[in-house]
There are 2 protein chains.
Amino acid sequence: MQTLLQFIRSHPDRAVLENGWGKNNFSGLSAKIYKAHSVVCRQGDDDDRIFLIKSGWALLYRDLLNGERQIVDTPLQGEIIGFRRTEGPRFESLSAITDLAVFDVSRKELSEAVFAGGELAQEVAYFLARLNGIMAEHIVNIGRRNAITRTAHFLLELEKRLSIAGLSAQGRYACPLTQHDLADILGMTAVHVNRTLRELRRADLLSFKAGKVQLIDRKKLVKMAGFDDEYLRYDL
Amino acid sequence: MQTLLQFIRSHPDRAVLENGWGKNNFSGLSAKIYKAHSVVCRQGDDDDRIFLIKSGWALLYRDLLNGERQIVDTPLQGEIIGFRRTEGPRFESLSAITDLAVFDVSRKELSEAVFAGGELAQEVAYFLARLNGIMAEHIVNIGRRNAITRTAHFLLELEKRLSIAGLSAQGRYACPLTQHDLADILGMTAVHVNRTLRELRRADLLSFKAGKVQLIDRKKLVKMAGFDDEYLRYDL
DNA sequence: CGATATGTTGAATACGGTCAAAAAGTGTGG
DNA sequence: CCACACTTTTTGACCGTATTCAACATATCG
């Protein structure tokens, strides 16, 4: 049995406090497991659940009328998905790309927990604020960087976020995204992602093979992408 | 004298509740006025203030090393800007494009207010969640829509947000953005924004002249842009 | 009225997209 | 363990949307 606050606290990409107990008593969180490549919830569904990623990778995206999709968030462990004021149809879909363990809480329940205040309310607000920063940088990335620097920036961001969660070391991490996924994150085509990764590899900047990313020349990557990890900070 | 909750509540693009009083007593909010085209705070500044737009238009953006910028948010009245967990240098700049009235609150003060819970904490969380939705749609817009549909989508979004705030009627609203600003919102060049607006005008879809937007064929615009205003809802 | 910002247009270019085909990798069942 | 199907990656040739650069027109403001 795990309270929501404990959950939030115990997922280091998102929240850092490691001791203490919350005042809010959730009924206890039990995780559901979704198979890799299954859809957790679908755009247009009329359900109320808020998801908390326990482990695994997921993608949050919107499907467009012409069959394309745009991924708007790449939640790692600890992320809260689907919190909002109103009821009504979901605006985005959530897919598991690896086996995925998620908790779900109802909108009402989380709302009431925020109303109750305390560290949980703070953590929720902090989490949402940090996500705002990540999304803002996503906008900058797609809006104003070219294919190479855009791709480099995203892979640097992933490395930082994963290393906070202890899932990356020496610039090396497992990344289950396909080039097609990457394209839908970066607002490019899969073909061009392929060519861009080739360029990065040929310039000895990074390699992305068989689900593993290796940053080779991090310094040069950071410079060319204008990467400043301030927006990913979660400490203090 | 105005409490923060009253403030949040009284700005209809962002929050809807209109009656009742908060439990949190802010020291009272007094607005500062910034002249059109002045910079309210600058990326890299080491201050803690959180801004609440009282009236006027502002732009939140990041400057890149090559001199370009990307606007990540177009705050209207009622928006909260700069809330986050950590101290440290600001990640984005905020500029006034019209004369602008803003309140500011310290990060610590707002954090404590959220800790105290109640409707204020809820409103803050709801606000952040809604902003997340708007930013997600911004990502979709830049990542997967072409110049025309992208521009149309943004102008439809503005119309909806402004009409919620009572600042648009019959598809007509004042919009103080220059084509250059629009370009920095949409991830395009100013030249191409100009051509795109010309196309929209020639197709009798909308006009944007002298700071006024007039949606002419809203139905067609909505269809071509795939505009679904669900993410802008604030009611219930 | 002059200065500066904003809007408009044209011509040339480039970056990334499209379409098509093949190679390499992955997983499943026999 | 292999055969087969399917997904993912890779490459080539061609194309189109949006950028770049440059010039000029029009607004706006002191």
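Just so we're on the same page: letters track the sequence lines, and every chain starts at 1.
- In summary, R202(B) and E199(B) do not engage in a salt bridge, as defined by a charged side-chain N under 4.0 Å from a carboxylate O.
- At whole-Å resolution of the value, CZ in R201(B) and P in dG7(C) are 11 Å apart.
- The interatomic distance linking L182(A) (CG) with dG17(C) (C1') rounds to 17 Å, in whole Å.
- Along DNA chain C, the nucleotide closest to G187(A) and the one closest to K209(A) are compared, and the more 5′ of them pairs with G187(A).
- As a whole-Å value, the separation of H37(B) NE2 from dA5(C) C1' is 9 Å.
- Checking dG7(C), dT11(D), dG17(C) against every side-chain atom of N194(A), the shortest atom distance belongs to dT11(D).
- To the nearest angstrom, P of dA18(D) lies 13 Å from CG of L197(B).
- Seen from the ring of F91(A), R62(A) counts as a face-on cation partner, given the 6.0 Å and 45° thresholds.
- Atom C1' of nucleotide dA18(D) and atom CD of E68(B) are separated by 13 Å, given to the nearest angstrom.
- At a threshold of 4.0 Å, the pair R90(A)-D45(A) does not count as salt-bridged, since none of the basic side-chain nitrogens sits closer than that to a carboxylate oxygen.
- Test L177(A), V213(A), I185(A) against L158(A) for side chain to side chain contact (heavy atoms under 4.5 Å, CB included) and you get one pass: L177(A).
- Look at NE2 on H180(B): it is 15 Å from C1' on dT4(C), rounded to the nearest Å.
- Sorted by residue number, the members of residues 141-149 of chain B with any non-hydrogen atom under 4.0 Å from DNA chain D read N146(B), A147(B).
- For the pair Q179(B) and dT8(C), the criterion of a side-chain N or O lying under 4.0 Å from OP1 or OP2 is met.
- Remark: C1' of dC15(C) and CZ of R150(A) are 11 Å apart, rounded to the nearest angstrom.
- Comparing dT18(C), dT20(D), dT8(C) against the side chain of R195(B) picks out dT20(D) as the nearest.
- With hydrogens and angles disregarded, a donor-acceptor distance shorter than 3.5 Å links the side chain of R144(A) to the backbone of R69(B).
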Q: Verify salt bridge (charged side-chain N to carboxylate O under 4.0 Å, His left out) between E68(A) and R145(B), making sure each step is shown before the conclusion.
A: CA-CA 10 Å; E68(A) 296 189 291; R145(B) 285 194 262 261; over 6 Å; no
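- Atoms CZ and CG, on R150(B) and L182(B) in that order, are 12.0 Å from each other to the nearest 0.5 Å.
- Within the nucleic acid shown, R198(A) comes within 4.0 Å of sugar-phosphate atoms alone, with no base atom in reach, counting heavy atoms only.
- Along DNA chain D, the nucleotide nearest H192(B) and the nucleotide nearest R202(A) are compared for position; the residue whose nucleotide lies closer to the 5' end is R202(A).
- dT10(D) atom P lies 14 Å from atom CE of M188(A), rounded to whole Å.
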